[in-house]
Structures are given as structure tokens and as C-alpha cells.
Asks: 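Below you'll find the structure I mean.
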Amino acid sequence: MRVLFLGDIVGKAGRICVRDHMGELKAHYQPDLIIANGENAAHGKGITKRIYEELRGYGIDMLTMGNHTFSKHDIYNFIADADRMVRPGNMEPLGYGSCARVLNVCGKRVAICNLSGAIFMNHVVESPFICMERILH
């Protein structure tokens, strides 16, 4: 299985880069699954529903988020329905969205989980190692 992971998509310039190069990346790498970090896709901090849908339209299968997940208030309006986005499971606020999703890719179940490291991060409420143990059980 081939996985293409795109690092932090930052602002409009990052989205344009994805739009303009996704076809070339797909042709060259022939990925079965495309994951991208989208936590800074809206003006360099956060994401909106429109941008979430834009990035999904470029062929991104799953978006990961991070410490800027809740930087744009719009996230609260759609995160519950964003079934192709995972947010850090150990970072407040905890009551929104999902930190893990399971996709069927090439006949296999693939789990995509999102946790944040605790060093130099605000709002991390649990060690990523302890959180992962909890998620796996």
C-alpha cells in the first residue's frame, strides 16, 4: 500500500500548491491513500468548512489537524460531520470531532489516529502514549 502524506498546508498559497500539483503527485507516486495536515489551511491558522471541502475535492482522503484545530470558529459548525478529518485526541476541547477514523483501503482496514506531543504545547491534557493505549483498547 502506498500512502502519500502532505505536510502542513498553510494558507491560500499552500492550497494553490496542492491544487496545482496533486495530479502530478498522483501520477508519479500512485498513492492508495492521501493524507494531509490541514490545521493551518485557512489564512495560516485553522480550517473552515469551505476549505475542508476544497481540499477533499483535490483528492485528499484524510485531513489531520493539530494545535490550531479550533482557531476558526466555523470548525464547531461542521467538525461533527467531517468524517475525513481527525483532530488531536489528547488536546482540549475534547468534546468535538474524532481523533481516529478507520478507512477501507485496498481491501484493508487502515486506522488513522491523531495525537499531539506534550512538549511546548498548550491544551494537551494527556500523554499521547497513554491516550494511544486507551484508543487501542
Asks: Rounded to the nearest 0.5 Å, how far does CZ of R84 lie from CZ of R56?
Replies: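 Between R56 CZ and R84 CZ, I get 5.0 Å after rounding to 0.5 Å.
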Asks: Is any side-chain heavy atom of I112 closer than 4.5 Å to one of I35?
Replies: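 Sidechains of I112 and I35: in contact.
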Asks: So, the side chain of H137 versus the backbone of E133: is there a donor-acceptor pair under 3.5 Å, distance only?
Replies: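 Side chain of H137 to backbone of E133, a donor-acceptor pair under 3.5 Å: yes, one is there.
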Asks: Could you grab the distance from atom CZ of R15 to atom OH of Y58, nearest 0.5 Å is fine?
Replies: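 Nearest 0.5 Å value for the CZ-OH distance: 7.0 Å.
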Asks: Is a side-chain N or O of K49 found less than 3.5 angstrom from the main chain of D74, in a donor-acceptor match?
Replies: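 Not a single qualifying donor-acceptor pair exists.
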Asks: As an exercise, state the distance from CG of D32 to CG of L4, rounded to the nearest 0.5 Å.
Replies: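 Rounded to the nearest 0.5 Å, the CG-CG separation comes to 11.0 Å.
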Asks: Determine yes or no for a side-chain-to-main-chain donor-acceptor pair under 3.5 angstrom, with E39 supplying the side chain and N67 the backbone.
Replies: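 Checked: pair present.
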Asks: Give the intermediate values and the outcome of side-chain hydrogen bond (donor to acceptor under 3.5 Å, both in side chains) for residues N114 and T64.
Replies: CA-CA 7 Å; N114 189 336; T64 61; 4.7 Å; no
Asks: With side chains defined as the heavy atoms from C-beta onward, is the minimum distance between L6 and M22 less than 4.5 Å?
Replies: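 Side-chain contact under 4.5 Å: yes.
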Asks: List, one per line, each side-chain donor-acceptor pair under 3.5 Å for residues 85-93, sequence neighbours excluded.
Replies:
from: R87; atom 1: NH1; to: P93; atom 2: O; distance (Å): 2.8
from: R87; atom 1: NH1; to: Y96; atom 2: O; distance (Å): 2.6
from: R87; atom 1: NH2; to: M91; atom 2: O; distance (Å): 2.4
from: R87; atom 1: NH2; to: P93; atom 2: O; distance (Å): 2.6
from: N90; atom 1: OD1; to: S116; atom 2: N; distance (Å): 2.9
from: N90; atom 1: ND2; to: S116; atom 2: O; distance (Å): 2.8
from: N90; atom 1: ND2; to: E126; atom 2: O; distance (Å): 2.9

Asks: For residues P128 and L115, report the shortest heavy-atom separation together with the two atoms involved.
Replies: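 Closest approach of P128 to L115: O-CD1, 3.3 Å.
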Asks: More than 12 foreign heavy atoms under 6.0 Å from CZ of F5: is that the case here?
Replies: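 Enclosed.
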Asks: Membership question, hydrophobic clusters at under 4.5 Å side-chain separation (ILVMFWY): are I51 and I79 in the same one?
Replies: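 Yes, I79 connects to I51 through the hydrophobic network.
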Asks: Using a 4.5 Å cut-off on heavy atoms from C-beta on, say whether the side chain of C99 contacts that of I135.
Replies: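 SC-SC contact between I135 and C99 confirmed.
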Asks: For the OG1 atom of T48 and the CD atom of E54, what is their distance to the nearest 0.5 Å?
Replies: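 One gets 8.0 Å once the value is rounded to the nearest 0.5 Å.
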Asks: Which atom names give the shortest non-hydrogen contact between M132 and C113, and what distance separates them?
Replies: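 Here M132 and C113 meet closest at CE-SG, 3.7 Å.
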Asks: Does any non-hydrogen side-chain atom of K108 lie less than 4.5 Å from one of N104?
Replies: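 No, too far: nothing below the 4.5 Å cut-off.
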Asks: Distance from H68 atom NE2 to D8 atom CG, nearest 0.5 Å?
Replies: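 If we round to the nearest 0.5 Å, H68:NE2 and D8:CG are 9.0 Å apart.
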Asks: When you measure from the side chain of Y52 to the backbone of G38, do you find a donor-acceptor pair of N or O atoms at a distance under 3.5 Å?
Replies: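 No.
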Asks: Would you call I9 and N37 a side-chain contact if the rule is heavy atoms closer than 4.5 Å?
Replies: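 A side-chain contact under 4.5 Å is absent here.
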Asks: Find the distance between CG (L103) and CZ (R109) and round it off to the nearest 0.5 Å.
Replies: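 Between L103 CG and R109 CZ, I get 10.5 Å after rounding to 0.5 Å.
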